[in-house]
Amino acid sequence: MFHLILFGPPGAGKGTQSKNIARKYGYIHISTGDILRAEIRAQSELGKRVRAFMDQGELVPDEVLLGVLREVMDREKDVNGFVWDGFPRTLVQAEAFDQVLAARGEKVNLVLALEVELHELVRRLVNRGKEDRRVDDTEDIILQRQRIYRDMTQPLIAFYREQGKFVSVSGIQPIEKVFDDICRNIDLYTQ
Ligand code: AP5
């Protein structure tokens with residue numbers, strides 16, 4: 001079972017690339033953002049609980065995400081692997097994830113980070129906001145999401161680097177070129 005974490009700030013292209021990776025390698029794509037947005041649309045208890053955090057660009061509490069993780073792991077069995085998009089996002093989540101995987105005799109195999117500069121991230125998300133109307137794609141919330149990434153999520157780079165699993169790829173290239181670079185790395189780690 002291959003566990004790939006697609007890492008990077010909001011707007012780096014994690015969702016775009018994860019879909020292509022899942023299709024090519026037969027992995028299950030898990031976007032915690034998509035799961036939570038679906039709960040909000042369904043007006044479930046979970047959706048009601050997380051809505052304010054997401055609308056403000058704040059992280060949803062770790063214990064909620066760990067519940068989502070357990071649910072996903074119970075549901076998806078007998079697959080080639082997973083692409084994790086937007087998870088883990090805090091050290092608590094990363095450590096809990098390692099424990100859950102270890103209990104199954106599995107581990108995080110590769111963390112691929114998409115590197116994109118701040119001004120380009122903001123440009124992409126402002127543009128997406130005009131088309132998709134995602135409520136957290138307004139300029140002030142986009143900047144808040146980037147701050148949260150810097151403070152809460154970026155420390156995971158050192159965590160995974162120490163484990164020898166962290167590789168970065170330039171995300172400022174055409175989508176197909178980014179995908180080629182990603183595939184080269186996955187192929188290296190799966191041979
Ligand atoms: P989430 O849904 O994960 O959003 P995000 O991390 O902010 O990521 P985005 O979807 O904005 O960007 P992306 O990197 O996927 O880029 P994309 O491919 O879409 O999380 C939303 C919220 O949910 C969080 O703020 C939090 O509240 C909550 N949450 C989720 N997970 C959580 C967790 N683990 N813990 C706590 N809370 C959690 O691309 C962006 C745009 O750029 C698109 O328009 C795309 O077409 C374009 N684009 C992509 N690649 C390129 C390229 N190479 N060149 C030009 N344009 C490109």
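Order of listing sets the numbers, starting from 1, for every ligand and every atom in it.
Checked by atom type, the side-chain pair D180/Q173 shows no donor-acceptor distance below 3.5 Å. Inspection of the R124 and N127 side chains reveals no N or O donor paired with an N or O acceptor under 3.5 Å.
Proximity of P9 to ligand 1, defined as any heavy-atom pair under 4.0 Å, is confined to the backbone N, CA, C and O atoms. Neither the backbone nor the side chain of L114 comes within contact range of ligand 1; no heavy atom lies under 4.0 Å. Residue L65 touches ligand 1 through its side chain alone, judged by heavy-atom distances below 4.0 Å. The side chain of R134, and not its backbone, has at least one atom closer than 4.0 Å to an atom of ligand 1 (non-hydrogen atoms only; side chain from C-beta on). Of all the heavy atoms of E58, the ones lying under 4.0 Å from any atom of ligand 1 belong exclusively to the backbone.
Taking a cutoff of 4.0 Å between a charged side-chain nitrogen and a carboxylate oxygen, E63 and R49 qualify as a salt bridge. Between R184 and D187, no side-chain nitrogen of the basic residue sits less than 4.0 Å from a carboxylate oxygen of the acidic one, so the salt-bridge criterion is not met.
Looking only at protein heavy atoms, the nearest one to atom 37 (N) of ligand 1 is V60 N, 3.0 Å. In this structure, atom 29 (N) of ligand 1 lies nearest to the protein heavy atom L36 CD1, 3.8 Å. Scanning the protein for heavy atoms near atom 13 (P) of ligand 1, the closest one is K14 N, 3.5 Å. Considering only non-hydrogen protein atoms, atom 24 (C) of ligand 1 sits nearest to R89 NH2, 3.9 Å. Scanning the protein for heavy atoms near atom 53 (N) of ligand 1, the closest one is Q173 O, 2.9 Å. Among protein heavy atoms, atom 42 (O) of ligand 1 sits closest to R124 CD, 3.3 Å. Looking at atom 23 (O) of ligand 1, its nearest protein heavy atom turns out to be M54 CE, 3.2 Å. Looking at atom 7 (O) of ligand 1, its nearest protein heavy atom turns out to be R145 NH2, 2.7 Å.
Between the side chain of Q17 and the backbone N or O of I175, at least one donor-acceptor pair lies under 3.5 Å.
Annotation for ligand 1: atoms under 4.0 Å from non-hydrogen atoms of T32 are 30 (C), 31 (N), 32 (C), 34 (N). For ligand 1, the atoms lying closer than 4.0 Å to a non-hydrogen atom of G171 are 53 (N). Heavy-atom contacts of R37 reach the following atoms of ligand 1: 2 (O), 21 (C) (cutoff under 4.0 Å). The T16 neighbourhood of ligand 1 comprises atoms 17 (P), 18 (O), 39 (O), 45 (C), 49 (C), with distances under 4.0 Å to a heavy atom of that residue. The contact set between ligand 1 and G15, taken as ligand atoms under 4.0 Å from a residue heavy atom, comprises 13 (P), 15 (O), 18 (O). The contact set between ligand 1 and Q93, taken as ligand atoms under 4.0 Å from a residue heavy atom, comprises 33 (C), 34 (N), 35 (N), 36 (C).
Enclosure of atom CE in M1 by more than 12 non-hydrogen atoms of other residues, nucleotides or ligands within 6.0 angstrom is indicated. Atom CD of Q163 sits in a crowded spot, with more than 12 heavy atoms from other residues, nucleotides or ligands closer than 6.0 Å. Other residues, nucleotides and ligands contribute at most 12 non-hydrogen atoms within 6.0 Å of the CZ atom of R51.
Heavy atoms of K177 come nearer than 4.0 angstrom to ligand 1 in no pair at all. Within the structure, ligand 1 has G11 among the residues with a heavy atom less than 4.0 angstrom away.
Side-chain rings of F87 and F97 approach one another, their centers coming within less than 6.0 Å.
Atom-to-atom distance recorded for T138:OG1 and Q144:CD is 10.5 Å, nearest 0.5 angstrom. Between the CG atom of L143 and the CG atom of L118 there is a distance of 6.5 Å, given to the nearest 0.5 Å. How far CD1 of I142 is from CG of L121: 9.5 Å, rounded to the nearest 0.5 Å.
Ring orientation note: the planes of Y27 and F2 are close to parallel, at an angle under 30° on the 30°/60° scale.
Of the candidates A94, A12, G86, G86 brings a heavy atom nearest to atom 34 (N) of ligand 1.
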